[in-house]
Amino acid sequence: MINQPNKILVVDDDEVILETITEYLEQKNFKVVPVDNGLDALKMFETGNGGFDLLITDLVMPSIGGVAIISIVKKKYPQVPIIAITGWGEHPETLAREVEADFVLEKPFKLDEINRIIQNLLS
């Protein structure tokens, strides 16, 4: 059987961050699905065409934020590791831990750092 690349859903309302993470992870041989809002992210999980191995989500976004996404995904798919990314300091980080994000990464971060965290979570 051929080894399929891990499938990662990346959610961020900042287009530059979304593109940067997506391009970097694709270079690392991950299959990446970029989404720019929380509602579409939840739809990706709900429609069953998800099958995601990992979720990376920004915490602060319009309409549905990362905290809500993490909470919903953890309830329905507890086996999916989640990395929360934030540029908002202490408060969202505490929330992310409360809803059980597996890792909280503060912006700005180095791309090799996110790759290292992904490798640890998927191994």
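We use all heavy atoms of the structure for the numbers below, so side chains are in, but hydrogens, waters and symmetry mates are not. None of these values were measured; they are calculated from a predicted model.
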| remark: One should read off an interatomic distance between Met44 CE and Leu39 CG, to the nearest 0.5 angstrom, of 12.0 Å
| note | For Glu100 and Lys74 the tightest heavy-atom approach is O-CE, 3.2 Å
| note | residues 24-42 vs salt bridge (charged side-chain N to carboxylate O under 4.0 Å, His left out), sequence neighbours excluded, gives none
| same_hphob_cluster(Ile118, Ile82) at 4.5 Å side-chain heavy-atom cutoff | no
| said: Show the nearest heavy-atom pair for residues Tyr24 and Leu111, with the distance to one decimal. | reply: CE2-O, 3.3 Å
| request: Report yes if the side chains of Ile21 and Phe109 come closer than 4.5 Å at any heavy-atom pair, otherwise no. | output: yes
| said: Do Val35 and Leu9 make a side-chain contact, defined as non-hydrogen atoms from C-beta onward lying under 4.5 Å apart? | reply: yes
| Is there a side-chain contact between Asp13 and Pro62, using heavy atoms and a 4.5 Å cut-off? | yes
| message | Could you measure the distance from the OG1 atom of Thr86 to the CE atom of Met61? Nearest 0.5 Å is fine. | response | 10.5 Å
| task | Test Asn37 against Ile64 for side chain to side chain contact (heavy atoms under 4.5 Å, CB included), laying out the working first. | result | CA-CA 7 Å; Asn37 67 79; Ile64 297 176; over 6 Å; no
| message | Would a single hydrophobic cluster contain both Ile85 and Val104, if residues Ile, Leu, Val, Met, Phe, Trp and Tyr are joined by side-chain heavy-atom contacts under 4.5 Å? | response | no
| message | Using 0.5 Å steps for rounding, measure from the CG atom of Asp53 to the OH atom of Tyr77. | response | 13.5 Å
| field | Distance (rounded to the nearest 0.5 Å) between Leu121 CG and Phe103 CZ | value | 8.0 Å
| said: Are Ile17 and Ile117 connected into the same hydrophobic cluster when the rule is that any two of I, L, V, M, F, W, Y join if their side-chain heavy atoms are below 4.5 Å apart? | reply: yes
| request: State plainly whether one hydrophobic cluster holds both Leu59 and Leu105, where clusters connect Ile, Leu, Val, Met, Phe, Trp and Tyr through side-chain heavy atoms under 4.5 angstrom apart. | output: no
| query | Hey, does the side chain of Ser123 reach the backbone of Gln119 with a donor-acceptor pair shorter than 3.5 angstrom? | reply | yes
| When rounded to the nearest 0.5 angstrom, what distance separates CG in Asp58 from CD1 in Ile69? | 8.5 Å
| remark: Note: Pro5 and Asn29 closest approach over all heavy atoms is CB-O, 3.1 Å
| For Ala84 against Ile70, the heavy-atom pair lying closest together | CB-CD1, 3.9 Å
| said: For Glu15, I'd like to know if atom CD has over 12 heavy atoms of other residues, nucleotides or ligands within 6.0 Å. | reply: no
| request: Take Phe52 and Asn6 through the test side chain to side chain contact (heavy atoms under 4.5 Å, CB included) and record every step on the way to the result. | output: CA-CA 8 Å; Phe52 295 102; Asn6 288 102; over 6 Å; no
| task | Tell me, with the steps shown, if Leu25 and Ile56 meet side chain to side chain contact (heavy atoms under 4.5 Å, CB included). | result | CA-CA 11 Å; Leu25 293 177; Ile56 299 172; 3.9 Å; yes
| Single-linkage hydrophobic cluster Val11~Leu18, side-chain heavy atoms < 4.5 angstrom | no
| message | Working to the nearest 0.5 angstrom, can you tell me the gap between Gln79 CD and Leu54 CG? | response | 11.5 Å
